[in-house]
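Predicted, not measured: the structure shown is a model, and the values here were computed from it. For the numbers below, each heavy atom of this structure counts, side chains included, while hydrogens, waters and symmetry mates do not.
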Amino acid sequence: AQNDFMHLLNRVSEQYNLGVTVKLPTEAQWEYAVRAESEGPFYFPAEEMQEHAWYGERWETTGHTHPVGLTLPNAWGLCDMSGNAWEWCQDWYEQNYGLTEERLREGVTDPLNDQPGFDHVLRGGGWRSYARYLRSAYRSRARPFYRYGDIGFRLLIEDNP
């Protein structure tokens with residue numbers, strides 16, 4: 001199902017001659033974007049979580065996804081990177097985040113696990129998530145056909161060379 005989605009994105013880009021490639025971010029790209037050069041567990045101070053994220057400990061204001069942009073953005077202007085909806089990544093899930101000893105020796109810092117497996121990576125946490133699942137480094141996974149009200153996606157648009 002997710003591969004069909006990614007194929008559809010590429011076909012739309014080609015058919016409308018957009019001059020760009022539209023795809024899901026890799027897990028490494030997603031984490032780079034959420035952190036926006038921050039170094040803490042979240043891209044915001046923990047005491048400001050309610051201004052930056054929809055999550056399970058805010059039941060009075062959650063219970064569903066919200067339009068993007070109602071929370072404060074990260075340092076690069078990206079909103080709702082934590083909470084609101086888990087976001088699919090291109091990568092198939094593997095326990096060690098794709099950084100095998102061989103890849104580390106080769107100097108790989110931006111891995112993509114494109115070897116088919118059972119689950120794809122989900123990042124960011126959703127409106128039903130506890131705060132600990134909103135950490136910038138937290139990883140989850142789900143089968144590509146899994147659907148729920150707190151799973152979504154964020155598109156990456158790259159210029160074609």
Closest non-hydrogen contact found for Ala53 with Leu134 is CB-CD2, 3.5 Å
Salt bridge (charged side-chain N to carboxylate O under 4.0 Å, His left out) pairs touching residues 16-25, sequence neighbours excluded, are Lys23-Glu158
- State whether the side chain of Asn84 and the backbone N or O of Trp127 hold a donor-acceptor pair below 3.5 Å, judged by distance alone. no
Closest non-hydrogen contact found for Leu24 with Leu155 is CD2-CD2, 4.4 Å
Shortest non-hydrogen pair, Tyr93 vs Arg141, comes out as CE2-NH1, 3.0 Å
Note: Ala85 and Gly152 closest approach over all heavy atoms is CB-N, 4.0 Å
ask   = Linking I/L/V/M/F/W/Y whenever any side-chain heavy atoms sit under 4.5 Å apart, do Trp88 and Tyr32 land together?
value = no
Margin query: Measuring only between side-chain heavy atoms, which start at C-beta, is Met49 closer than 4.5 Å to Tyr55?
Written below: yes
Item to complete: Tell me, with the steps shown, if Glu27 and Val121 meet side chain to side chain contact (heavy atoms under 4.5 Å, CB included).
Response: CA-CA 7 Å; Glu27 184 174 12; Val121 174; 3.5 Å; yes
Leu70 side chain near Trp54 side chain, heavy-atom distance below 4.5 Å | yes
The side-chain contact (heavy atoms from CB on, under 4.5 Å) partners of Ala46 (sequence neighbours excluded) come to Phe42
Short side-chain to backbone donor-acceptor contact, Arg139 and Gln95, under 3.5 Å:
yes
Sequence neighbours excluded, the answer for ring pair (Phe, Tyr, Trp, His ring centres under 6.0 Å) partners of Phe153 is Phe5
Give a yes or no on this: more than 12 heavy atoms of other residues, nucleotides or ligands lie within 6.0 Å of atom CD of Glu39.
-> no
All heavy atoms of His120 vs all of Pro144, minimum pair found to be CD2-CG, 3.6 Å
Of all heavy-atom pairs linking Tyr43 and Ser136, the shortest is N-OG, 3.7 Å
Transitive ILVMFWY side-chain link Phe118 to Tyr146, under 4.5 Å:
no
Taken in chain and number order and not counting sequence neighbours, the residues that satisfy side-chain contact (heavy atoms from CB on, under 4.5 Å) with Thr26 are Ala28, Gln29, Gln90, Asp91, Asp110, Leu112
Anything under 3.5 Å between a donor and an acceptor, one on a side chain of residues 71-81, the other on a protein residue two or more places apart or in another chain? List them.
unit_1	atom_1	unit_2	atom_2	d
Thr71	OG1	His52	O	3.4
Thr71	OG1	Asp80	OD1	3.1
Asn74	OD1	Trp76	N	2.9
Asn74	OD1	Gly77	N	3.2
Asn74	OD1	Leu78	N	3.0
Asn74	ND2	Ala33	O	2.9
Asn74	ND2	Val34	O	3.3
Asp80	OD2	Gly69	N	2.9

d(Ile151 CD1, Leu122 CG) to nearest 0.5 Å is 5.0 Å
*Pairing of Arg123 and Glu87 as salt bridge, 4.0 angstrom limit*: no
Hits for side-chain hydrogen bond (donor to acceptor under 3.5 Å, both in side chains) against Ser129, two or more places apart or cross-chain, chain-then-number order -> Trp86
